[in-house]
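Report on one structure; see the data block that follows.
Computed from heavy atoms alone, side chains included, the values below leave out hydrogens, waters and symmetry copies. Computed from a prediction, not measured in an experiment: that's the story for all the values here. Residue indices begin at 1 and follow the sequence shown.
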Amino acid sequence: MSKSDRIIDYVEAAVLTQLRGAINDLGQYGFISRNELTGILAGVLNRTTDTIGIESTADRLVKKGIVEVISDDLAGDFYSFNREALLTLVDREAAVVNSILYKMKKVGLAFFNAAIEQATLSREEVPIEYKSMNVPASDRVVTLSHNQIESFDEPTSEIITAIERENAVADHPGLRELIIGQLRAGRELIRIGVFKAELLHMTLVVGLKMLVEKYGDHAIGALASKLLDLILKEIGIG
């Protein structure tokens, strides 16, 4: 088994454990898009959709019947959680002493976070979906000038304020709060003025992209798109 497959095993176990704990809330989602599915999976781990293994985990859940898919050549794919299958699989596999799922259920997300922090992946072993993302090198450090901090801080705060005034995103409870959290985390990095490029991408940039997808030509979507362009132009992250 490659290192990347082993990491995905931990991501999958953490996602399954968290979904099992939120079993009563899953029915409210109905049928959702692929991006919404991966957003939920990342959200239960308190991470972003760029997290290594999220896409592969989504595929595994589909294969195991935990996530059902309705496909159409024109309309595309729609996904829905099968709560009964989730309960059956997690309760069965978590009963196997010393399995990853057993340990994850006993310890919680601290077990997952520790495993991810200790993992070292070479470029060749990083899962495909991570390679395909326009994610900055993890060791690249960005230092902003005073003027750059102001140019990023003001529009970020404007977008956060605009979203806070909005109602929750229809049919997607918790998504609004997730995006706001990502934007605030990114804004704190900007205000500090020195940060790893990867961290800004995983917080502010991912949050802005979600807004563009959700709001499109709406004022919020336009503001998010404009700030994304500025970030790409000024510091090459997008």
Side-chain angles (χ1 to χ4, degrees), residues 1-69 77 79-131 133 135 138 172-175 177-178 181-182 185 198-199 202-203 206:
M1 177 185 295
S2 69
K3 288 183 179 179
S4 60
D5 286 337
R6 183 163 174 76
I7 289 300
I8 295 171
D9 287 344
Y10 281 86
V11 176
E12 180 186 0
V15 165
L16 288 172
T17 301
Q18 294 301 102
L19 290 178
R20 174 65 177 83
I23 191 73
N24 293 327
D25 298 325
L26 297 181
Q28 65 187 331
Y29 290 111
F31 284 94
I32 54 180
S33 69
R34 175 74 179 204
N35 286 341
E36 290 164 340
L37 172 63
T38 55
I40 292 170
L41 301 187
V44 299
L45 301 182
N46 296 321
R47 291 173 179 261
T48 71
T49 51
D50 288 339
T51 299
I52 296 173
I54 289 294
E55 290 288 348
S56 295
T57 294
D59 291 336
R60 289 186 179 189
L61 298 190
V62 170
K63 187 175 182 180
K64 292 179 179 181
I66 294 172
V67 172
E68 299 176 340
V69 186
D77 297 331
Y79 301 80
S80 178
F81 291 103
N82 183 330
R83 288 179 289 176
E84 184 177 346
L86 172 64
L87 282 171
T88 300
L89 183 142
V90 174
D91 291 351
R92 182 182 70 243
E93 294 193 3
V96 180
V97 178
N98 287 330
S99 67
I100 295 177
L101 197 56
Y102 172 87
K103 297 173 184 177
M104 195 78 67
K105 191 172 182 181
K106 286 287 187 181
V107 180
L109 277 183
F111 181 79
F112 166 71
N113 291 329
I116 295 300
E117 288 173 7
Q118 291 299 317
T120 55
L121 300 175
S122 68
R123 284 288 177 180
E124 291 72 27
E125 291 169 325
V126 174
I128 293 175
E129 75 266 15
Y130 188 77
K131 288 182 177 180
M133 295 286 185
V135 180
S138 60
H172 304 288
L175 181 60
E177 289 71 21
L178 173 63
Q182 288 177 296
E198 181 184 34
L199 293 180
M202 294 176 67
T203 53
V206 169

_Test side-chain contact (heavy atoms from CB on, under 4.5 Å) applied to Val90 and Ile66, step by step_ = CA-CA 10 Å; Val90 174; Ile66 294 172; 5.7 Å; no
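- Salt-bridge formation is not detected for the pair Glu55/Arg60: no Lys NZ or Arg NE/NH1/NH2 atom is positioned less than 4.0 Å from an Asp or Glu carboxylate oxygen.
- When atom types are taken as modelled, the side chain of Thr88 and the backbone of Ala85 share no donor-acceptor pair closer than 3.5 angstrom.
- The minimum heavy-atom distance between Ala13 and Ile100, with the atom names listed, is CB-CG2, 3.6 Å.
- The residues Asp59 and Arg34 are annotated as salt-bridged, a charged nitrogen and a carboxylate oxygen being separated by less than 4.0 angstrom.
- With rounding to the nearest 0.5 angstrom, the OH atom of Tyr79 is 9.5 Å from the CD1 atom of Ile32.
- The closest side-chain heavy-atom distance from Leu41 to Val11 is not below 4.5 Å.
- Here the side chains of Met104 and Phe112 are in contact, with some heavy-atom distance below 4.5 Å.
- More than 12 heavy atoms of other residues, nucleotides or ligands lie within 6.0 Å of NZ in Lys64, so this atom counts as buried by the packing criterion.
- Between the side chain of Ser99 and the backbone N or O of Ala94 there is no donor-acceptor pair closer than 3.5 Å.
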*Hey, mind stepping through Asp91 and Lys105 against side-chain contact (heavy atoms from CB on, under 4.5 Å) and telling me if it holds?*
CA-CA 10 Å; Asp91 291 351; Lys105 191 172 182 181; 3.8 Å; yes
_Test log, rule side-chain contact (heavy atoms from CB on, under 4.5 Å), inputs Phe81 and Leu19_ = CA-CA 10 Å; Phe81 291 103; Leu19 290 178; 4.0 Å; yes
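- Inter-residue side-chain proximity for Leu87 and Glu84 is flagged as unmet; no heavy-atom pair is nearer than 4.5 Å.
- Taking the side chain as every heavy atom from C-beta outward, Val96 and Tyr102 never approach each other to under 4.5 Å.
- Here the straight-line distance linking atom NZ of Lys103 with atom OH of Tyr10 works out to 6.0 Å at 0.5 Å rounding.
- By the 4.5 Å heavy-atom criterion applied to side chains, Val67 and Asn82 are not counted as neighbours.
- Considering only heavy atoms from C-beta on, Leu16 comes within 4.5 Å of Leu61 through its side chain.
- Taking all atoms of both residues into account, the shortest heavy-atom contact from Thr38 to Ala58 is CG2-CB, 4.2 Å.
- The CG atom of Leu101 sits 4.5 Å away from atom OG1 of Thr17, with the distance rounded to the nearest 0.5 Å.
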